Amino acid sequence: MHDALSAEASEHLSLALAAACDDPIGATEPYGEDDGVVRMLITEHVTAVLLVGQVTKMLTVLQLSFIG
C-alpha cells in the first residue's frame with residue numbers, strides 16, 4: 001500500500017514511522033487499552049496500527065488505512 005500512496009502521504013508516513021522507531025510510545029497513540037504494545041500512528045493521510053516490540057526494538061505494521 002505504501003507504494004500506492006501519493007508522494008505527500010508517503011513522505012508523511014515515512015517520517016512518522018521513523019519517529020516511531022526512535023520513540024514508539026511518544027510518537028504514537030494508544031490503540032484501545034494502553035498496553036504499550038499495540039499502538040496507532042496517525043498522519044494527515046494515513047493511520048497505521050503498529051505492534052511495538054519492546055524487547056526486540058522492532059515495529060511491525062499490522063494495518064495501514066488511507067484516510068484521504
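Just so we're clear, the structure is a prediction, and the values are computed from it rather than from any experiment. Hydrogens, waters and symmetry mates play no part in the numbers below; they use all other heavy atoms, side chains included.
Taken together through direct or relayed side-chain contacts under 4.5 Å among Ile, Leu, Val, Met, Phe, Trp and Tyr, V38 and L50 form parts of separate hydrophobic clusters.
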Quick one: side chains of residues 13-26, donor-acceptor pairs under 3.5 Å with protein atoms, not counting sequence neighbours, listed by atom name and distance.
{"residue": "S14", "atom": "OG", "partner": "H2", "partner atom": "NE2", "Å": "3.3"}
{"residue": "S14", "atom": "OG", "partner": "S10", "partner atom": "O", "Å": "3.0"}
{"residue": "D23", "atom": "OD1", "partner": "G26", "partner atom": "N", "Å": "3.1"}

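The line from NE2 of H45 to CD of E8 is 3.5 Å long, rounded to the nearest 0.5 Å. Separation of atoms CD1 (I42) and OH (Y31) is listed at 11.5 Å; rounding is to 0.5 Å.
Considering V49, L41, V52 as possible partners of T28, the one that fulfils the side chain to side chain contact (heavy atoms under 4.5 Å, CB included) test is L41.
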Legend entry - Derivation and outcome, side-chain contact (heavy atoms from CB on, under 4.5 Å), residues R39 and D34: CA-CA 8 Å; R39 306 284 295 178; D34 190 5; 2.7 Å; yes
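Residues L51 and L59 fail the side-chain proximity criterion, which asks for heavy atoms closer than 4.5 Å.
When all heavy atoms are compared, the tightest approach of M40 to T47 is CE-CB, 3.9 Å.
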